[in-house]
Structure formats: structure tokens, C-alpha cells
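Data first, discussion second: the structure below is written as C-alpha cells.
Each residue takes its place number in the sequence, starting with 1. The structure presented is a predicted model; accordingly, all values stated were derived computationally and were not measured. What's counted below: heavy atoms across the whole structure, side chains too, no hydrogens, waters or symmetry copies. We count ligands from 1, going down the list as the structure has it; atoms in each ligand are counted the same way.
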Amino acid sequence: MNPIFADTATSVFEVMSRLAIQHKAINLGQGFPDDPGPLDVRQKAAEAVIDGWNQYPPMMGLPELRQAVAQHYQRFHGLSYDPASEIMVTSGATEALAGALMALISPGDEVVLFQPMYDAYLPLVLRAGGVPKFVTLKPPHFRFSAEDLAEAFSPRTKVVLLNNPLNPVATVCPVEDLSMLAHFCMANDAIALCDEVWEHVIFDGVRHIPMASLPGMRERTVKVGSAGKIFSLTGWKVGFVCAHPALMKVLAKAHQYITFTTPPNLQTAVAYGLMKDDSYFTGMRADFQRSRDRLGDGLKTLGFDVLPAAGTYFLNIDITPTGMSDDVTFSRKLVEDFGVATIPVSAFYATEKVTNVVRFCFAKKDSTIDGALERLEKAVRA
Ligand code: PMP
Ligand code: GLN
């Protein structure tokens, strides 16, 4: 068996969700909203299942969805992508990332990764034959410096994989840091693989800045998005990739042999959803921001040290003041003894693990958040 998968642990999301079921816990671990997602978008999908095309759609995605992605990114980010040669639909961002890493990396190529990193990145990079070069981000700001980049980049760097906004620690990369990273990409002729699945889930009036919008980066950026996050429909697994035709040609070759296509009915519904009025997107952000503040204020009242959360469904606490220093033990105790599931952030580090940060998902109904806070109060008293 291939050791990269044989020796790898079960994903922390699955582990914590299983523990949540086993202990009848309130699950603030794995990131999925309580909300069922916009009814009109779900209705479109249902209609498309009953009345629409249910055979293989085109390998690159339904033309109407590729067109909608182009219009969407033009409207929100001022980016111009040609739907015919620069946009491809994938089965979730996960497939987009796996395919891109397979397509871009040759064995021995170096790949710059920022840890904490989404759990799929490292096994996929290794399986593609990439040599990881880590940049370690630390609380409370989780930012990188020019020295960090100078150490990680080399003329052998093929890809830098950037997640912005950053899951799990909910930071948004400041534009000056993006510019610095762009400079290193250009100086080393590296491709920026940008996981921007959280681009719409961003708070406090801050605007998402796609890496592809920075001078010189349009041609060397592979931009990855996901309808799962844009419409709170995490199980849908409809992703999109935007890249210059020279890159897209090769990305498409990987996609054609991984999944080839993505369910056409869901594509139809996502095309509809991406064309919704701005008010849907601002309303969605406002709702999540309110939930963030409800959980954040509750945690602060209980005495927890809450870290800032600028985007994503997540907010984090520094557990140091609780007297505990190990996030895994903290999360285990919380789910087993007090019935609240969380995610220990050390799971997202491969080396130099940060062990004092725990992630909570706030994309929940008020009653779920309040129920979790009641249980956490008992934990604090204990
Ligand atoms: N990248 C990041 C940073 C994520 O948080 C997620 C899912 N939460 C994904 C990729 C996967 O997206 P999808 O479900 O569209 O595959
Ligand atoms: N992205 C989700 C999270 O961060 C989980 C996705 C998964 O379960 N693989 O919680």
C-alpha cells in the first residue's frame, strides 16, 4: 500500500464528528452550517433533477455555470476570465486542489505550504511527489514575514499553496503580505495555487482580494472556489478553477481522469445562485457575522481568550489561560465530558505544532450556540 495514505491518520473532521455522535455532543467541530441553504437554489437543483439533464455534462462544466462564474468574479472582484478557456467546474474545491497539484508538480518540485494548513494539502502534495517547504504561522496574528518567504522559496519552488481567508484560524491575508508573496512567486517563477473557498465569508466590511488581481499574478495564479461555502451547501461539492489557458489546458487533463464531470443538476443550481443579487451575499455575511459575535461574546463572558475571526465559519480560542496546554486533550475532554465538539488546531500543523489553539464553528442556529455555551459554562465551573 502507498505509505502516504496507509500511514496517514483519519481526518480530524471525521474523528471529531464521530466523537460528537458517540457522546451526543453539540458539534462545533467540522465546519457546516445548521442553515439548510437558500431555498431557491435548492429548488433549482430539485427541478433540474426531475426535469433536467441527468447524463454526463461536458467535461469542463456546463457552459451556463462557466459563464456565471465569469460574471460573478467580474461583479465581485473585477476579474476577467474567459469562460471557454479559463474556467473549469470540478467536484468541489478538493478535487480542484488534488487535480491542480497532480497537474503542476513533478516529483522533486518544491511546494511552499503555510501551516496551519487545510488537512488535505500535505498528503496531496506528497502523493504528487512534491517536496513541502513549510512557513509556520503563529498566534495571535498568523502572519508571515519576508524572511519566512526567503527561507521557504528557492529556484526549485514550483507551487505555493495559499488559503485565504485561512481555515482554521480565520485570518484574512493583508494586501501587503499578498504583494510580498506575489513578488516571491515572480522572482522564483512559481505558480500560486490559491484556495479562496472562503472568499464570500468575510466580515466587518473587509473586501476579499484575490491573488490573481495583483500585478503580474493573473498568468501564474490558479484560483479555486467552492459553491459549498458560497451557498452554505457544504455537501454539494461543486468547485471552480480559474486559470490562464496555458495552465488550464493541463489542469483539465488531470480533471478528466479524476472525476471527469460534476453532477449537472447541481451545476445548474449553482449557475443560478451565482447570479443572485448582491443582497444575498451581504445578507449571508451579516448572518454569519452575527453568529460569530454571539459565540465570541459568549466565550469571552465565560473567560475564554477569543482570537479575532475575520472570515470563514470559525473562531478560535487560546487555551493557555485555562491552564491546559494541549489542544487535543482539551478537545477530547470537552467532547467526552461536556458534550461540545471542537477541532484542535495542532491537527493542521505538520511540524512546529502550535498546541494552544482550539477552533469552534459558529455557523449555527442561536439555539445551538446557546446550548453549547451552557455546556461550556459547566466545563469552566468544573
Ligand atoms: N479548502 C478549504 C480551505 C476548506 O475549508 C474546504 C472545506 N471546508 C475545502 C477546501 C473543500 O471544499 P469542497 O467541499 O468544495 O471540496
Ligand atoms: N472544511 C470543513 C472544515 O474545515 C470540513 C471539511 C471536511 O470534513 N473534510 O471543518
Exercise. Listed by chain and number, what are the side chain to side chain contact (heavy atoms under 4.5 Å, CB included) partners of Val49, not counting sequence neighbours?
Worked result: Asn265
Exercise. What pairs with Gln30 under side chain to side chain contact (heavy atoms under 4.5 Å, CB included), at least two apart in sequence or on another chain?
Worked result: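 With sequence neighbours excluded, Gln30 shows a side chain to side chain contact (heavy atoms under 4.5 Å, CB included) to Phe13, Ser17, Phe32, given in chain and number order.
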Exercise. With a 4.0 Å cut-off, would you call Glu374 and Lys378 a salt bridge?
Worked result: no
Exercise. Are Glu199 and Lys223 within salt-bridge range, i.e. N to O under 4.0 Å?
Worked result: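 Salt bridge flag = yes for Lys223 with Glu199.
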Problem set entry | Residue pair Leu251, Val222: steps toward the side-chain contact (heavy atoms from CB on, under 4.5 Å) verdict | CA-CA 9 Å; Leu251 300 176; Val222 176; 3.8 Å; yes
Exercise. Name the residues in contact with ligand 2, where contact means a heavy atom under 4.0 Å away: which are they?
Worked result: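 Shell around ligand 2 (4.0 Å, heavy atoms): Phe13, Gln30, Gly31, Tyr118, Asn167, Phe314, Arg359.
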Seminar exercise, completed: Less than 4.0 Å from some atom of ligand 1, heavy atoms are found in residues Gly92, Ala93, Thr94, Tyr118, Asn163, Asn167, Asp195, Val197, Trp198, Ser226, Lys229, Lys237
For this session: Evaluate whether atom OH of Tyr257 has more than 12 neighbouring non-hydrogen atoms of other residues, nucleotides or ligands under 6.0 angstrom away.
Result: no
For this session: With salt bridge (Lys or Arg N to Asp or Glu O under 4.0 Å) as the test, would you mind laying out the steps for Asp109 and Arg156 before giving the verdict?
Result: CA-CA 6 Å; Asp109 284 343; Arg156 290 179 302 281; over 6 Å; no
Problem set entry | Side-chain donor or acceptor of Asp34 paired with backbone N/O of Lys365 under 3.5 Å | yes
For this session: Give me the ring orientation class for Phe288 and Tyr313: parallel if the planes are under 30° apart, tilted from 30 to 60°, perpendicular past 60°.
Result: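 Rings of Phe288 and Tyr313: tilted, 30 to 60°.
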